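Hydrogens, waters and symmetry mates are skipped; everything else that's a heavy atom, side chains included, is used. Computed from a predicted structure; not experimentally measured.
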Amino acid sequence: MTLGGEDDQAAPSARPQSLMFSFLGVYVLHRDVAVYSGSVIDVFARLGVSEEAVRSTLARMVKRNLLVRHRRGRKVYFGLTSRAVEVLEDGRERVWKTGAVNRDWDGTWTVVGFSLPDSRRSTRHDLRSRLIWNGFGLLQSGLWIAPGTKEVADVLASLELGDSVTVLTARAFEPTDAADLVRKAFDTEQIARRYGAFLAQWDVPRPLPAAPDDLARQLLLHTDWLQLVRQDPLLPTEHLPEDWPAIRAEQVFHTLARDYEPRAAELATAVLDELAV
């Protein structure tokens with residue numbers, strides 16, 4: 001499951017929602033609490049997000065069955081639905097376990113092949129978008145690959161593809177070389193540029209000096225990092241340059257996340273108004 005869907009990986013307008021997922025993942029997930037909307041607005045003001053944008057984001061997430069309202073007196077608190085827990089768990093897995101560096105590749109590839117007529121052009125577009133979001137690259141027309149074993153049943157289920165799709169696991173044999181597969185199917189230069197932009201922002205003596213405090217920096221850091229790793233197909237490091245920037249970027253993220261956590265947690269405790277649910 002994706003954190004909000006394919007559209008969230010790009011548009012600046014999605015930024016408040018991406019920040020909201022980071023906030024919920026750090027301060028609400030597995031705590032059996034709902035948070036008062038006014039205190040969420042206070043937190044997001046530190047990030048330069050307006051009250052209107054916060055309220056709109058919360059309302060939209062309720063409509064999407066990601067948040068549920070709880071009322072106490074005149075106050076409205078927002079808690080997680082089971083769907084939101086699933087989404088946030090996936091994000092936590094990507095951030096803290098899967099990471100950005102694939103050192104344990106076993107040499108296998110998941111291969112998805114499909115052929116859909118022009119009458120199903122919309123389905124074809126949806127399938128391509130989902131494959132990209134789940135780390136697949138286009139090897140050749142109608143044939144997509146991803147390193148390792150990928151569970152794609154849930155990705156494909158709602159598209160009603162029937163016999164139009166084939167899913168296999170495979171290994172490269174001569175004359176095919178795994179490094180060539182990486183080069184052909186994935187834009188490694190674009191992936192490297194994303195990590196380079198992250199390092200330019202965060203791998204400096206004082207990241208984001210204009211941010212008011214470590215709570216703001218923590219949420220911005222987590223948001224930037226999760227967006228990065230969600231777009232990374234986790235290519236095997238043995239077939240990437242030795243100076244692959246994801247290696248340094250992952251080190252920077254873990255160091256800063258550890259540094260920001262104590263003070264950020266203190267600030268969040270002081271600001272957040274919570275309701276046990």
Derivation of the side-chain contact (heavy atoms from CB on, under 4.5 Å) call for His254 and Trp96: CA-CA 9 Å; His254 283 286; Trp96 298 111; 3.5 Å; yes
Arg71 vs Tyr77, side-chain hydrogen bond (donor to acceptor under 3.5 Å, both in side chains): CA-CA, chis, key distance, verdict: CA-CA 6 Å; Arg71 295 186 181 274; Tyr77 294 74; over 6 Å; no
Worked verdict on Glu274 versus Arg31 for salt bridge (charged side-chain N to carboxylate O under 4.0 Å, His left out): CA-CA 10 Å; Glu274 299 175 345; Arg31 296 192 57 235; 2.7 Å; yes
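Residues that satisfy the salt bridge (Lys or Arg N to Asp or Glu O under 4.0 Å) test with Lys184, not counting sequence neighbours, are absent from this structure. Legend: residues meeting salt bridge (Lys or Arg N to Asp or Glu O under 4.0 Å) with Asp32, ordered by chain and number and at least two apart, are absent. In this view, His125 satisfies the ring-ring contact (aromatic ring centres under 6.0 Å, His included) rule with no residue, not counting sequence neighbours.
Leu80 and Leu275 fall into different hydrophobic clusters, where Ile, Leu, Val, Met, Phe, Trp and Tyr residues are linked whenever their side-chain heavy atoms come under 4.5 Å apart, directly or through other members. Hydrophobic clustering places Leu29 together with Phe21 (ILVMFWY residues linked when any side-chain heavy atoms are closer than 4.5 Å, directly or through intermediates).
Ring geometry for His239 against Trp105 counts as perpendicular: the plane angle is over 60°, on a 0 to 90° scale with 30° as the lower cut. In this structure, Phe186 and Trp109 have parallel ring planes: the angle between them is below the 30° cut-off, well short of the 60° mark. Ring geometry for Phe114 against Trp144 counts as parallel: the plane angle stays under 30°, on a 0 to 90° scale with 60° as the upper cut.
The residue from Arg217, Arg15, Arg230 that alone fulfils the salt bridge (charged side-chain N to carboxylate O under 4.0 Å, His left out) condition with Asp224 is Arg15.
A distance of 6.0 Å or more separates the ring centres of Phe253 and Trp202.
One finds no salt bridge joining Arg263 and Asp213 here, because no Lys/Arg side-chain nitrogen approaches an Asp/Glu carboxylate oxygen to under 4.0 Å.
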